[in-house]
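Remarks on the structure that follows.
Both ligands and their constituent atoms are indexed starting at 1 by order of listing.
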Amino acid sequence: VIPGWFSEISPMWPGEAHSLKIEKILFQGKSDYQDVMVFQSSTYGKVLVLDGVIQLTERDECAYQEMITHLPLSSIPNPTKVLVIGGGDGGVLREVARYSSIEQIDICEIDKMVVDVSKQFFPAVAVGYEDPRVTLHVGDGVAFLKAVPAGTYDAVIVDSSDPIGPAQELFEKPFFQTVANALRPGGVVCTQAESIWLHMHIIEDIVANCRQIFKGSVNYAWTTVPTYPSGVIGFMLCSTEGPAVDFKHPVNPIDANDSQKSRPLKFYNSEIHTAAFCLPSFAKKVIDAK
Ligand code: AAT
């Protein structure tokens, strides 16, 4: 540990730890679920940390939030009802709000402290809560989904932390089953699905489960986020049986139809959307074999 630096140490990425220089610690608290910290870094703006793991930085949050949102929503025509699980910072809400077809945005975040801290320290992220179509439910995403009537949503976005701690069940098969049930025929899910460099064993399991559950398409995509472990993060994108979804060719390109011209996209475009599904050979071999 280097004095004055934050190092991200976890058994999920043994033997390595990305570090950021701390200018100032702005908040430290303990919620019912996790340790919550915010610090000012010298090169990535403010940083939100939960249980010692970086959730977002001001500088690169666009890469993650735009990709986890627009990969699914640009892949279906006219999404109207969307559910976000996790994502208490509000960044995914901000991105969902770009679609003028959307009528209802539900979010279920387990930890109220994440919401409050984000509103206090990350106004350009928490701005997502200002959209009148948003309803916040504070609670466990697993329990919330169990109570959702079948066929309710066009899309479910699972912006979850890593599977150590409160998000563990969000990576398990029964959870994916409840997501499938909550989606309309031809509805889509996009879940945070870890790093091809660090977590092929986790990805393998998720892909195997999703192939059993989702009878439409099942795809893995990835992007770069410099402050996430190994600098990349992936997404599992699936659709339920019904109207076919071809994730690789967006039918509803948000870069052409963004309703929020005053807040332009920073990372996502239709070319990067298609490119996100190209996998390195070592990952392709494992994912295609499942
Ligand atoms: N958009 C920022 C990135 C995140 S945030 C993940 C959120 O999921 C956190 O706010 C956490 O409190 C919430 N969460 C965890 N478990 C649950 C649950 N069971 N139900 C609802 N919300 C939950 C993800 C960062 C990825 C980090 C990669 N290393």
Side-chain angles (χ1 to χ4, degrees), residues 8-13 16-18 29-38 46-69 83-96 106-119 121-122 124-129 136-148 156-172 174-175 178-179 190-199 202-203 222-236:
E8 190 184 44
I9 294 170
S10 163
M12 282 196 65
W13 37 94
E16 61 185 277
H18 186 237
K30 197 168 173 51
S31 73
D32 291 341
Y33 301 95
Q34 50 208 348
D35 292 323
V36 180
M37 177 175 64
V38 178
K46 289 187 206 119
V47 183
L48 173 66
V49 179
L50 299 178
D51 278 348
V53 177
I54 295 174
Q55 306 294 302
L56 63 84
T57 81
E58 286 180 311
R59 179 166 157 195
D60 66 6
E61 55 90 8
C62 60
Y64 177 78
Q65 326 259 32
E66 291 182 14
M67 291 296 272
I68 198 173
T69 306
L83 170 64
V84 180
I85 300 289
D89 51 82
V92 171
L93 303 175
R94 178 192 70 198
E95 294 307 314
V96 175
D106 293 331
I107 174 168
C108 180
E109 159 64 51
I110 202 166
D111 195 341
K112 176 81 166 30
M113 192 181 279
V114 174
V115 179
D116 294 341
V117 159
S118 185
K119 286 181 177 170
F121 296 101
F122 299 90
V125 178
V127 66
Y129 284 103
L136 169 65
H137 307 262
V138 175
D140 178 14
V142 175
F144 183 87
L145 265 163
K146 278 187 191 149
V148 170
V156 175
I157 298 170
V158 186
D159 176 13
S160 102
S161 29
D162 299 317
I164 294 183
Q168 192 185 330
E169 281 185 68
L170 304 180
F171 288 78
E172 293 170 1
F175 174 73
T178 61
V179 171
C190 181
T191 75
Q192 192 272 89
E194 300 298 347
S195 160
I196 49 174
W197 286 113
L198 298 168
H199 306 120
I202 299 176
I203 296 168
W222 61 294
T223 193
T224 82
V225 181
T227 59
Y228 281 168
S230 80
V232 307
I233 196 150
F235 309 101
M236 198 69 224

Pair Glu61 + Arg94: basic N to acidic O under 4.0 Å:
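Salt bridge between Glu61 and Arg94, a charged N being under 4.0 Å from a carboxylate O: yes.
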Close side-chain approach of Gln34 and Pro166, heavy atoms under 4.5 Å:
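A side-chain contact under 4.5 Å exists here.
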For residues His137 and Glu109, determine if any side-chain heavy atom of one lies less than 4.5 Å from a side-chain heavy atom of the other.
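Not touching, per the 4.5 Å side-chain cut-off.
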Would you say the side chains of Asp51 and Tyr33 form a donor-acceptor pair under 3.5 Å?
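No - no donor-acceptor pair under 3.5 Å links their side chains.
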Taking side-chain contact (heavy atoms from CB on, under 4.5 Å) as the criterion, tell me which of Ile85, Val96, Leu83 meets it with Ile157.
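That would be Val96.
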Exam field: side chain Tyr64 to backbone Ile233, donor-acceptor pair closer than 3.5 Å:
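No; zero donor-acceptor contacts below 3.5 Å.
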Kindly print each ligand 1 N/O atom paired with any protein N/O atom under 3.5 angstrom away, one pair per line, or none if nothing qualifies.
residue, atom, partner, partner atom, Å
ligand 1, 1 (N), Gln65, OE1, 3.3
ligand 1, 1 (N), Asp89, OD2, 2.7
ligand 1, 1 (N), Asp159, OD1, 3.4
ligand 1, 1 (N), Asp159, OD2, 2.6
ligand 1, 10 (O), Glu109, OE1, 2.8
ligand 1, 10 (O), Glu109, OE2, 3.3
ligand 1, 12 (O), Gln34, NE2, 2.9
ligand 1, 12 (O), Glu109, OE2, 2.6
ligand 1, 16 (N), Pro166, O, 3.4
ligand 1, 16 (N), Ala167, N, 3.4
ligand 1, 19 (N), Asp140, OD1, 2.8
ligand 1, 19 (N), Pro166, O, 3.0
ligand 1, 20 (N), Gly141, N, 2.9
ligand 1, 22 (N), Ile110, N, 3.2
ligand 1, 29 (N), Asp162, OD1, 3.2
ligand 1, 29 (N), Asp162, OD2, 2.9

